[in-house]
Amino acid sequence: MNLLSGLFNSSLGKKFLMALTGVALVMFVVVHMVGNLQFFLGREVLNHYAHVLKSNPEILWPSRIGLLSCVIIHITMAIWLTIENRTKRLTGYAVQDAGAASLASRTMIYSGTIIGAFIVYHLLHYTVLLQSINLTGRDFSVFRDVHGQPDVYRMMIIGFSNSAVSGFYLLGVGLLCFHLSHGIWAMLQTLGLVNETYRTTIERASVIGAGLLFIGYASIPVTILTGLVK
Amino acid sequence: MNVTLKVWRQEGPETPGKFVRYAAQNLSPNMSFLEMLDTVNETITKSGEEPIAFDHDCREGICGMCSCIINGEPHGPEKKVATCQTYLRSFKDGETITIEPFRAKAFPLIKDLIVNRSAFDRIIQAGGFVSTSAGSAPDGNAIPVPKQHTDAAMDAAACIGCGACVAACKNASAMLFVSAKVSHLNLLPQGQTEKERRVLGMVEQMDQEGFGACTVTGSCEAVCPKGISLNFIAKMNRDYFGALLRGSPKATVESV
Amino acid sequence: MNLDARIPEGPLAQKWDKFRRDAKLVNPANKRKYDIIVVGTGLAGASAAATFGELGYNVKSFCIQDSPRRAHSVAAQGGINAAKNYQNDGDSVYRLFYDTIKGGDFRAREANVYRLAQVSGNIIDQCVAQGVPFAREYSGYLSNRSFGGAQVSRTFYARGQTGQQLLLGAYQSLMRQVNLGTVKLFPRTEMLDLVVVNGHAKGIITRNLITGAIESHAADAVVLATGGYGNAWYLSTNAQGSNATAIWRAHKKGACFANPCYAQIHPTCIPVSGDSQSKLTLMSESLRNDGRVWVPKKKGDKRAPGAIPEDERDYYLERKYPSYGNLAPRDISSRAAKQVCDEGRGVGESGLGVYLDFSAAIQRLGEAKIAERYGNLFDMYHEITGESAYKVPMRIFPAIHYTMGGLWVDYNLMSNLPGLFVAGEANFSDHGANRLGASALMQGLADGYFVLPYTIGDYLASQKPGSRPKTDATEFQQAEKEAREQLQKLLAIRGKRTVTDFHKHLGKIMWEYCGMARNETGLKKALELIPALQEEFWKDVNIPGESSDLNQSLERAGRVADYFELAELIVRDALVRDESCGGHFREEHQEEGECKRNDEQFAYVAAWEYKGVDQAPVLNKEPLHYEELHLATRSYK
């Protein structure tokens with residue numbers, strides 16, 4: 001059987017595409033968090049990092065296009081599978097028992113949908129720098145540091161100082177990590193990388209990893225809101 | 001003890017069904033769940049009505065014939081047992097017990113609590129075998145099989161094909177059933193020659209039968225009367241993508 | 001009637017070779033012109049249907065379950081015997097043959113049993129090739145264990161689910177043939193009658209259990225592999241659906257029924273716990289290695305077992321059989337248990353049970369060791385009874401388990417009706433008056449994989465391709481009409497009692513008078529009680545619903561109607577067989593509690609011929625000639 005037709009025509013293939021794009025997206029989420037955490041190393045380091053990223057369009061744009069394709073494939077397959085799956089039981093049960101299925105595993109499509117909306121907002125907020133949605137009345141695109149480079153550090157402090165914005169951000173990353181607490185393990189399972197010996201470790205690592213990601217992401221708005229960093 | 005049953009009654013696939021209440025009285029906690037249904041059926045029969053139709057056969061948890069969703073759980077509240085091994089001591093005196101058939105598009109309802117699970121047979125027909133004919137086998141000890149492989153294959157082969165995994169899954173996915181058979185044979189040296197066409201053929205048939213996709217919720221594993229592990233799904237995924245990458249032909253009808 | 005067993009001439013060890021040398025063959029190009037019907041999909045039926053398909057015949061495979069994989073062979077636990085001698089412990093084809101004949105108390109046909117032992121090794125090879133996950137050693141080679149009635153380790157096993165795994169192997173082969181188009185499956189279909197045309201079996205009448213449709217199927221040969229009739233006793237270790245209807249209706253069409261009174265009663269089952277109990281669950285006999293069997297000395301002692309002091313306990317097996325003790329043979333243990341319960345010393349709610357006590361073994365070896373040996377059995381016991389056998393003694397009681405009797409077949413497994421072949425538990429062939437553990441699986445698969453494929457070809461070669469009758473022949477029309485009429489007759493009664501009620505009642509009569517121990521007075525009484533109950537059944541049974549859809553009461557009613565007739569024959573056979581042998585124990589014939597055979601008068605196969613309603617059946621005798629072995633007293637002392 002041909003790989004492409006196998007991927008798009010079988011339920012396993014679609015899941016495989018979701019899992020593969022999931023791997024890419026998880027890797028991005030980790031790298032992005034590491035990048036963000038440079039916030040705690042100060043304005044100089046963070047702004048330099050942002051500058052390096054932006055000054056290499058030959059890396060930046062392929063990455064952006066790659067990530068965007070992953071997001072599109074991931075979402076398309078999710079919707080496709082969800083629609084298909086919903087037709088597999090015509091009459092529901094009178095008594096529902098979730099049994100062993102975790103809340104995260106049962107709500108992937110919902111957490112995913114909200115994460116999707118959050119990503120759009122987040123991109124408009126910090127990448128497109130759309131002034132009307134940052135709720136601070138400031139134009140982030142004009143922030144410059146002493147080197148004349150965009151002042152990402154200041155943008156983060158001012159951006160997150162709005163509690164509504166930070167709140168939505170916390171909700172977004174919260175749901176993302178909730179999604180990943182099931183998603184990481186499910187993705188490895190779908191890729192066939194789980195076996196009896198590593199199963200428990202992987203399941204736990206999935207939850208712990210998601211928790212660490214949440215702490216990493218949440219630490220920035222929380223420190224800003226609580227005034228620990230000014 | 002006494003319980004009230006809320007049982008799904010449906011005369012046939014085309015007629016609408018509904019829940020009907022029955023009182024089951026003077027029961028012993030040591031009675032099996034199906035014997036309780038027998039008792040209720042005796043009473044219904046004496047009143048001239050048709051008794052509740054339900055599937056059952058060996059009544060010792062191995063044939064896979066019995067089904068039913070009991071209070072939302074396939075095979076009832078106890079773990080690693082089939083409905084026939086469920087006893088009334090697992091219920092409270094005076095409890096209302098809801099009994100429904102397995103629900104899945106691929107398991108069309110026949111009558112009351114009985115559904116058609118022939119889809120499972122067709123999946124096995126699509127590759128769940130070793131193509132050996134009687135008479136051609138070498139000596140049983142000609143090919144040593146590492147003990148851990150036999151043991152793992154046996155874990156998978158313990159599947160009784162009851163369909164509880166499908167009934168429990170929110171997507172009515174048959175991945176646990178299919179992966180158990182694929183893994184059973186693909187783990188053994190005897191199954192290697194057809195490893196790839198087996199997994200491709202069985203997965204394709206599974207999709208055609210109208211089972212859903214796996215969302216790795218683990219409900220299937222939790223309700224499986226034989227405790228078949230999700231690890232076999234991972235193993236099947238591995239085998240499937242290996243076969244896809246290598247562009248293996250799927251199982252097709254051999255010429256006779 | 002002249003029953004010719006058609007045993008090939010020559011020395012025992014060469015008979016099968018001689019048969020295969022002389023057997024007529026069907027040309028490969030002609031095989032697809034023959035249709036074969038196989039009823040039943042247990043080990044014998046599934047393996048036969050798959051193998052016929054492999055050979056190129058057109059096969060129709062019928063079963064009453066929703067899938068062939070659910071036939072009751074699936075429930076066999078222990079293992080399958082084969083004379084492989086992998087353990088280098090002195091096993092051989094001859095020894096397996098000898099053990100089987102002796103185990104059967106010298107009431108089986110030598111030639112058939114020898115062939116069984118000869119092909120036993122091939123079965124293991126075939127099953128391994130199919131992917132049956134037999135237990136293995138760390139070397140990767142097959143593991144064996146020992147089993148009752150043998151001094152060698154020749155039992156192959158797959159955990160406690162050997163029957164399931166072997167059946168799945170056969171089922172998978174069958175599914176392969178379905179995929180190849182050689183086999184057509186008819187699940188949820190019950191055979192209601194055999195169609196005989198010009199003296200040959202040429203088809204069957206079936207009822208589709210979902211739609212109720214009555215259909216005719218014609219074929220060049222018919223194979224019945226529908227299992228045993230233990231459910232005639234109502235409570236047995238059989239599945240709920242296991243029934244004798246196919247073989248009984250074939251019997252009524254002319255096939256002789258052999259040795260119906262031979263039924264095996266297994267000593268270690270979980271006792272009945274109430275009136276509503278529907279089946280009995282077997283616990284492996286191996287438990288008796290470490291358990292001590294006892295009952296209170298006092299009648300009606302209802303104290304908890306722990307409250308009964310040591311000197312008020314009767315370890316009756318150890319007392320009566322000091323050398324064998326708790327490991328006394330199956331039939332002896334079963335009868336001893338019945339005896340103490342009859343004396344009113346049985347334990348448990350019903351008083352029908354004896355203790356199997358592990359406390360001494362736990363004290364000696366520790367709980368961990370016992371758990372390692374019997375953990376899964378203790379769990380199973382706990383599931384069913386809610387009691388922990390680590391804390392309180394198990395309660396056990398004997399139960400009907402396997403029927404050695406069945407349709408009479410010759411060496412070719414063909415009944416006296418040409419074209420009708422019978423395999424597995426449904427025939428009477430290989431186990432004589434008692435079956436050894438792990439031999440039923442061996443026989444079913446031997447019949448299906450390695451015997452029938454040869455013998456059916458020999459028959460088919462004598463039938464012109466395309467000569468089978470069409471289903472519009474009068475014989476089919478007549479049989480269909482009769483089948484419909486019987487269903488209508490049952491439905492028209494609309495009486496007061498349920499089918500189950502009658503079945504239970506029949507079971508009680510059978511267990512009481514034709515169970516573990518039988519005597520002339522009891523059997524004669526049963527011969528009065530059964531027809532009376534049968535008459536009441538046909539007057540007062542209540543079957544709701546119609547025959548035009550799924551109707552489980554109607555299915556059961558048809559089977560119970562047949563059990564009445566069969567039960568009468570079982571009792572009749574037990575009465576005529578005025579000796580004790582194997583599972584058939586006539587109280588009049590015993591020596592210190594053991595079976596006392598009468599070889600001069602009873603070394604024969606009793607093949608009963610149906611003569612019509614209200615006519616006494618006719619007994620035909622096939623004498624058993626022992627050429628290789630000498631008839632000896634079976635002693636396990």
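Numbers restart at 1 for each chain; the letters A, B, ... are given by sequence-line order, proteins then strands.
For the residue pair B:E42 / C:T498, a side-chain donor-acceptor distance below 3.5 Å is found, with atom types taken as modelled. Between the side chains of C:S278 and B:E35, at least one donor N or O lies within less than 3.5 Å of an accepting N or O. With hydrogens and angles left out, the side-chain atoms of B:N30 and C:S273 include no donor and acceptor closer than 3.5 Å.
In this structure, chain B has no heavy atom under 4.5 Å from any part of C:S143. Heavy atoms closer than 4.5 Å to chain B are found nowhere in C:S73, neither backbone nor side chain. Proximity to chain C is limited to the backbone of B:E11, based on heavy atoms less than 4.5 angstrom apart. For B:H184, the part lying under 4.5 angstrom from a heavy atom of chain C is the side chain only. Only the side chain of C:S553 has a heavy atom closer than 4.5 Å to any heavy atom of chain B. With a 4.5 angstrom heavy-atom cutoff, C:K496 touches chain B only via backbone atoms. With a 4.5 Å cut-off on non-hydrogen atoms, C:R188 touches chain B through its side chain but not through its backbone. Only the side chain of C:Q77 comes within less than 4.5 Å of a heavy atom of chain B; its backbone N, CA, C and O stay farther away. Heavy atoms closer than 4.5 Å to chain B are found in the side chain of C:Y86, but not in its backbone. In this structure, the portion of C:L185 lying under 4.5 Å from any heavy atom of chain B is its side chain and not its backbone. Both the backbone and the side chain of C:Q65 come within contact range of chain B, with heavy atoms under 4.5 Å apart. In this structure, chain B has a heavy atom under 4.5 Å from the backbone of C:S242, while its side chain stays farther away. For B:I52, the part lying near chain C is the backbone, with the side chain staying farther off; criterion is any non-hydrogen pair under 4.5 Å. In this structure, the portions of C:Q130 lying under 4.5 Å from any heavy atom of chain B include both its backbone and its side chain.
Most heavy-atom pairs under 4.5 Å with chain C, from the set B:N141, B:T150, B:V130, B:T132: that is B:N141. Interface remark: of the candidates B:I114, B:D139, B:L34, B:D112, B:D139 forms the most heavy-atom pairs closer than 4.5 Å to chain C. In terms of heavy-atom pairs under 4.5 angstrom with chain B, the leader among C:T51, C:I124, C:V178 is C:V178. Most heavy-atom pairs under 4.5 Å with chain C: of the set B:A153, B:A156, B:G161, this distinction falls to B:G161. The greatest number of non-hydrogen atom pairs below 4.5 Å with chain B, out of C:T237, C:I384, C:N542, is found for C:I384. The choice from C:N122, C:D549, C:V499 that makes the most heavy-atom pairs within less than 4.5 Å of chain B is C:D549. When each of C:R494, C:R497, C:M175 is checked for heavy-atom pairs under 4.5 Å with chain B, C:M175 comes out on top. Most heavy-atom pairs under 4.5 Å with chain C: of the set B:C58, B:G128, B:G135, B:S136, this distinction falls to B:C58. In terms of heavy-atom pairs under 4.5 Å with chain C, the best-connected choice from B:L188, B:N41, B:T45, B:T39 is B:T45. Comparing C:D125, C:V128, C:T281 by how many heavy-atom pairs each has under 4.5 Å with chain B, the most go to C:D125. Ranked by non-hydrogen atom pairs under 4.5 Å with chain C, the options B:V81, B:I160, B:L27 are led by B:I160.
Proximity of B:P51 to C:Q552: side-chain heavy atoms (C-beta onward) are nowhere separated by under 4.5 Å. Using a 4.5 Å heavy-atom cutoff, the side chains of C:Y171 and B:D121 are in contact. Contact annotation: the side chain of C:S67 never approaches that of B:R117 to less than 4.5 Å [non-hydrogen atoms, C-beta and beyond]. Put simply, the side chain of B:M154 reaches to within 4.5 Å of the side chain of C:Q165, judged on heavy atoms. Contact of the C:H72 side chain with the B:E60 side chain is registered, since non-hydrogen atoms from C-beta on lie closer than 4.5 Å.
In this structure, B:K92 places its NZ atom where only 12 or fewer heavy-atom neighbours from other residues, nucleotides or ligands lie under 6.0 Å away. No more than 12 heavy atoms of other residues, nucleotides or ligands lie within 6.0 Å of NZ in B:K80, so this atom counts as exposed by the packing criterion. Annotation: C:E349, atom CD; neighbour count of heavy atoms from other residues, nucleotides and ligands within 6.0 Å does not exceed 12. More than 12 heavy atoms of other shown residues, nucleotides or ligands fall within 6.0 angstrom of atom CD in C:E387. Environment of CZ in B:R89: crowded, with over 12 heavy atoms of neighbouring residues, nucleotides or ligands closer than 6.0 Å.
Proximity of a side-chain donor or acceptor of C:Q164 to a complementary backbone N or O of B:C159 within less than 3.5 Å is detected. C:N179 places no side-chain N or O within 3.5 Å of a backbone atom of B:A126 that could act as its donor or acceptor partner. For C:Q240 (side chain) and B:H56 (main-chain N/O), no donor-acceptor pair under 3.5 Å exists by modelled atom type.
Here the closest heavy-atom approach between residue B:P144 and residue C:S139 is recorded as CB-O, 3.9 Å. B:I62 and C:Q161 make their closest contact through CD1-CG, 4.0 Å (heavy atoms, listed as atom of the first residue, atom of the second, distance). Listed here is the closest heavy atom pair of C:S276 and B:M31: OG-CE, 2.9 Å.
Classification of B:D57 and C:R70 as a salt-bridged pair fails, no side-chain N sitting under 4.0 Å from a carboxylate O. Checked for salt-bridge contact, C:R159 and B:D155 meet the test: a charged N lies under 4.0 Å from a carboxylate O. Taking a cutoff of 4.0 Å between a charged side-chain nitrogen and a carboxylate oxygen, B:K147 and C:E137 do not qualify as a salt bridge. Look at C:R136 and B:D151 and you find no salt bridge, because none of the NZ, NE, NH1 or NH2 atoms lies under 4.0 Å from a carboxylate O.
Distance check, rounded to the nearest 0.5 Å: CD of C:Q172 to CZ of B:F129 gives 9.5 Å. We find the CG-CZ distance between C:N238 and B:R59 to be 13.5 Å, quoted to the nearest 0.5 Å. Annotation: the span from B:K181 atom NZ to C:L168 atom CG amounts to 5.0 Å, rounded to 0.5 Å. Taken to the nearest 0.5 Å, the NZ atom of B:K111 stands 5.5 Å off from the CG atom of C:L550. Rounding to the nearest 0.5 Å places CZ of B:F120 at 8.5 Å from CZ of C:R69. Rounded to the nearest 0.5 Å, atoms CD (C:Q277) and CG (B:D38) are 11.0 Å apart.
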